[in-house]
Amino acid sequence: MNGLRQKYSGTQRTLSAEELKSVIARACAFISSRKGLENTYDTPEVRELLFGTACVETGLRPRYQDSAGNAIGLFQIEYATFCDIWKRAIKRNHPELGRELIRHFAKCVPNDITFEDLQLSDELSAIFARLKYAHIKEPIPSDLQKQALYYKKYYNTHLGRATPESYVRAYKKFAPKAKDKK
């Protein structure tokens with residue numbers, strides 16, 4: 001972990017809101033294009049929730065977590081979360097998706113996805129963030145305030161430093177013309 005922290009900490013680049021929306025659209029389309037996963041992983045609510053998640057988690061500056069934490073990439077996926085999603089949600093439950101992810105995104109180790117690959121591909125990081133939300137049974141709300149609460153409860157959790165208020169502020173900072181959805 002220390003090697004990854006040294007290699008990737010600090011701001012290296014910043015995405016625009018349009019670039020982020022494109023990353024999210026490609027990630028959702030990638031998952032939804034797989035047999036058995038159509039029409040369940042790509043909705044307007046999903047895209048907005050992922051947009052807000054990236055805004056508050058990194059301010060659109062993908063990096064290794066600068067604090068002592070072990071999170072990486074545009075969506076600040078933690079190592080334990082990466083392992084759980086890769087082994088349980090993908091390899092066991094969706095092996096075809098796993099093979100396609102390897103084919104498209106494996107950079108560090110041939111024939112496998114590594115934690116570092118999340119730093120190297122914003123799209124892969126978005127895919128993992130989407131799959132983290134996918135195991136939640138409660139539907140994703142369309143209202144910005146409710147999405148902020150959903151994010152805090154299921155993504156950042158009570159252990160994280162972000163708040164629903166910081167989610168809303170970050171979302172509005174990067175999407176200033178967006179209005180709270182009713």
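Worth knowing before you read on, the calculation uses all heavy atoms, side chains too, and leaves out hydrogens, waters and symmetry mates. Worth saying up front: this structure is predicted, and the values here are computed from it rather than measured.
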- Specify the closest pair of heavy atoms between A89 and H94, including all atoms of both residues, with the distance to one decimal. O-CD2, 3.1 Å
- For T163, the side chain to side chain donor-acceptor pair (under 3.5 Å) test, sequence neighbours excluded, returns E165, S166
- Message: With a 3.5 Å distance limit and no angle check, can you tell me whether T14 reaches the backbone of L60 through a side-chain donor-acceptor pair?
- Response: no
- Message: According to side-chain contact (heavy atoms from CB on, under 4.5 Å), who are the partners of K146, at least two apart in sequence or on a separate chain?
- Response: P141, D143
- Message: So, using ring-ring contact (aromatic ring centres under 6.0 Å, His included) as the criterion, who are the partners of H104 when residues are at least two apart?
- Response: F30
- Task: Identify the heavy atoms of A29 and D42 that sit nearest to each other, and give their distance.
- Result: N-OD2, 4.1 Å
- Item | Closest contact, heavy atoms only, D112 versus I102 | N-CG2, 3.8 Å
- T53 meets the side-chain contact (heavy atoms from CB on, under 4.5 Å) criterion, sequence neighbours left out, with L49, E57, F75, Y133, Y151, Y155, Y167
- With sequence neighbours left out, the residues meeting side chain to side chain donor-acceptor pair (under 3.5 Å) with N93 are none
- Test L131 against every option in I77, I90, T81 by the side-chain contact (heavy atoms from CB on, under 4.5 Å) rule and name the one that passes. I90
- Query: What pairs with A25 under side-chain contact (heavy atoms from CB on, under 4.5 Å), at least two apart in sequence or on another chain?
  - Reply: R47
- Message: Measuring only between side-chain heavy atoms, which start at C-beta, is T43 closer than 4.5 Å to I140?
- Response: no
- Message: Looking at every heavy atom in both A126 and A27, which two are closest together, and how far apart are they?
- Response: CB-CB, 3.5 Å
- Query: Does any non-hydrogen side-chain atom of L20 lie less than 4.5 Å from one of F174?
  - Reply: no
- R103: what forms a side chain to side chain donor-acceptor pair (under 3.5 Å) with it, not counting sequence neighbours? E100
- Note on the structure: In short, A129 meets L50 closest at the heavy-atom pair CB-CD2, 3.8 Å
- Message: Less than 4.5 Å apart, side chain to side chain, heavy atoms only: is that true for L101 and I127?
- Response: yes
- Can you tell which of F128, F82, W86 makes a ring pair (Phe, Tyr, Trp, His ring centres under 6.0 Å) with F115? F82
- Would you say Q119's side chain and G73's backbone share a donor-acceptor pair under 3.5 angstrom? yes
- Message: I'd like to check the salt bridge (charged side-chain N to carboxylate O under 4.0 Å, His left out) partners of E18; sequence neighbours left out, ordered by chain and number.
- Response: none
- Item | CG-CD distance between L118 and E78, expressed to the nearest 0.5 angstrom | 12.0 Å
- Answer yes or no: is there a side-chain heavy-atom contact under 4.5 Å between Q147 and E48? yes
- Between V56 and Q76, is any pair of side-chain heavy atoms under 4.5 Å apart? no
- Query: Would you say L149 and I136 are hydrophobically clustered, going by side-chain heavy atoms of ILVMFWY under 4.5 Å?
  - Reply: no
- With the side chain counted from C-beta on, respond yes when Y154 and E138 share a heavy-atom pair under 4.5 Å apart, and no when they do not. yes
- How would you list, by chain and number, every residue that makes a side-chain contact (heavy atoms from CB on, under 4.5 Å) with D84, sequence neighbours excluded? R88
- Task: Give, for atom CD of E19 and atom CD1 of I24, the distance between the pair rounded to the nearest 0.5 Å.
- Result: 12.0 Å
- Query: Where the side chain of K152 meets the backbone of A162, is there a donor-acceptor pair that is under 3.5 Å apart?
  - Reply: yes
- Message: Taking S33's backbone N and O only, do any of them form a donor-acceptor pair with Y41's side chain (distance below 3.5 Å, no angle check)?
- Response: no
- Task: Check salt bridge (charged side-chain N to carboxylate O under 4.0 Å, His left out) between D117 and all other residues, then give those that pass, not counting sequence neighbours.
- Result: none
- Which distance, rounded to the nearest 0.5 Å, do you find between the CZ of R130 and the SG of C28? 6.5 Å
- Results of salt bridge (charged side-chain N to carboxylate O under 4.0 Å, His left out) for R26 - residues two or more places apart only: E123
- Task: State, with a plain yes or no, whether a side-chain heavy atom of L97 is found less than 4.5 Å away from one of R34.
- Result: yes
- Query: What's the spacing between L159 CG and R161 CZ if we round to 0.5 Å?
  - Reply: 12.5 Å
- Message: Run the side chain to side chain donor-acceptor pair (under 3.5 Å) test against E96 and tell me which residues pass, sequence neighbours left out.
- Response: none
- Task: May I ask you to test the L144-K172 pair for a side-chain heavy-atom distance under 4.5 Å?
- Result: yes
